[in-house]
Amino acid sequence: MANILEGYLNGKDLKIGIVVARFNEFITSKLLSGAIDTLRRHETNEDDIDVAWVPGAFEIPVVAKKLAQTGKYDAVICLGAVIRGSTTHYDYVCNEVSKGVAQVGMSTGVPTIFGVVTTENIEQAVERAGTKAGNKGSDAAMAAMEMASLLKKIK
Ligand SMILES: Nc1c(NC[C@H](O)[C@H](O)[C@H](O)CO)[nH]c(=O)[nH]c1=O
Ligand SMILES: CC(=O)[C@@H](O)COP(=O)(O)O
């Protein structure tokens, strides 16, 4: 019989850091509330959730890395909303945020979850912040709990 290593969707003994961008706060505040609601509904103690606000998505990786390096957190959730404008700025922000968040996880070994919506327009962002396409903040919280509990199992 194979030994299956898998994480649980429970935050009972987890300490979670959240980095959230203030840019497009109308969207990111909904992602944050979705993440916190999901963590709480899966038994995460709200006192074990720390939230750091940054100006925009581009600033997420440096703060995510700082949180991960403290050794205090079982996972770090990164939340933002990057919505295409009329220049190529969108592409540079998206590329650097996604690469940066992935690099934090790989370099620190702390599960660092990419909960940044990258959309062509505001409607797509609204759809992913608690309306017809769900809440990407909630999805990120689920991934955080599973990854944190999985890594705790792998010695
Ligand atoms: N256009 C969006 C931004 N732009 C701001 C950058 O993230 C960054 O804060 C600035 O370039 C200073 O370094 N940020 C978002 O989060 N979402 C956007 O749609
Ligand atoms: C994602 C962005 O940086 C973008 O919203 C900025 O808008 P613009 O390209 O019109 O300057």
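Values below: all heavy atoms of this structure, side chains included; hydrogens, waters and symmetry mates excluded. First listed ligand is number 1; within each ligand, the first listed atom is number 1.
Salt bridge Arg128/Asp139: absent, no basic N to carboxylate O contact under 4.0 Å. Using a cut-off of 4.0 Å between Lys/Arg side-chain N and Asp/Glu carboxylate O, Lys99 and Glu96 are scored as salt-bridged. One finds no salt bridge joining Lys152 and Asp13 here, because no Lys/Arg side-chain nitrogen approaches an Asp/Glu carboxylate oxygen to under 4.0 Å.
Nearest residue to atom 18 (C) of ligand 1 from Tyr92, Tyr90, Phe58, Phe23 is Phe23 (criterion: closest heavy atom).
Nearest protein neighbour of atom 19 (O) of ligand 1, counting heavy atoms only, is Ile83 N, 3.0 Å. Regarding atom 12 (C) of ligand 1, its nearest protein heavy-atom neighbour is Glu59 OE2, 3.3 Å. Annotation: atom 16 (O) of ligand 1 to nearest protein heavy atom, Ala57 N, 2.8 Å.
Ligand 1 has Ala81 within reach: a non-hydrogen atom of the residue lies less than 4.0 Å from it.
Within a 6.0 Å radius of CZ in Phe114, other residues, nucleotides and ligands contribute more than 12 heavy atoms. Sparse packing is recorded around CD of Glu123, with 12 or fewer heavy atoms of other residues, nucleotides or ligands lying under 6.0 Å away. Leu9 CG: more than 12 foreign heavy atoms inside a 6.0 Å radius.
With a 4.0 Å cut-off on non-hydrogen atoms, Val97 does not touch ligand 1 at all.
Of the N and O atoms on the side chains of Lys153 and Tyr8, at least one donor lies less than 3.5 Å from an acceptor on the other residue.
At least one side-chain heavy atom of Lys65 sits under 4.5 Å from a side-chain heavy atom of Ser107. With a 4.5 Å cut-off on side-chain heavy atoms, Ile27 and Val126 count as touching.
In this structure, ligand 2 sits under 4.0 Å from heavy atoms belonging to Val82, Ile83, Gly85, Ser86, Thr87, His89, Tyr90.
In the vicinity of Asn24, heavy-atom distances shorter than 4.0 Å reach the ligand 1 atoms 17 (N), 18 (C), 19 (O).
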